[in-house]
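Only one structure is covered here, and it is reproduced in the block below.
We count residues from 1, following the sequence as given.
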Amino acid sequence: MPIVVDIDVMLAKRKMSVGELAERVGITPANLAVLKNGRAKAVRFSTLAALCEVLECQPGDLLRWETENATEPTMR
């Protein structure tokens, strides 16, 4: 999937566990794991806002776009 979730990067920077983040955001650790591992099909803006508030970051710190074949150079 071309959208990559970097929650684990922010967790490491903030020295916070998945369980602590889930509790502070108000979602289950299982749902956070689905999002963190890139298996989520969608994320609510309210959840994204809560993640940013708790992690003191911007949405772009948590989500980024990559081409489908990131290892292959793109032709223009």
Flag side-chain contact, heavy atom, 4.5 Å: C52 against L62: yes
Checking side-chain contact (heavy atoms from CB on, under 4.5 Å) for the pair L32/V25: CA distance, chi angles, key distance, verdict? CA-CA 9 Å; L32 183 57; V25 169; over 6 Å; no
Among pairs that include at least one residue of residues 7-19, which meet side-chain hydrogen bond (donor to acceptor under 3.5 Å, both in side chains), considering only residues two or more places apart or in two chains? none
Do E66 and I3 come within less than 4.5 Å of each other through their side chains, counting heavy atoms only? no
If you draw a 6.0 Å radius around CZ in R44, do more than 12 non-hydrogen atoms from other residues or ligands fall strictly inside? no
Is it possible for you to say whether V34 and L21 belong to one hydrophobic cluster, with membership spreading through side-chain heavy-atom contacts below 4.5 Å? no
Mind checking whether V9 and D61 have side chains closer than 4.5 Å, heavy atoms only? no
Can you find a pair of side-chain heavy atoms, one from L63 and one from D6, that are under 4.5 Å apart? no
Rounding to 0.5 Å, atoms CG (L51) and CE (M10) come to a distance of 10.5 Å
Spacing of CG belonging to L35 relative to NZ belonging to K41, to within rounding of 0.5 Å: 13.0 Å
Hey, does L11 have a side-chain heavy atom less than 4.5 Å from the side chain of K36? yes
With sequence neighbours excluded, residues passing salt bridge (Lys or Arg N to Asp or Glu O under 4.0 Å) with E20: R24
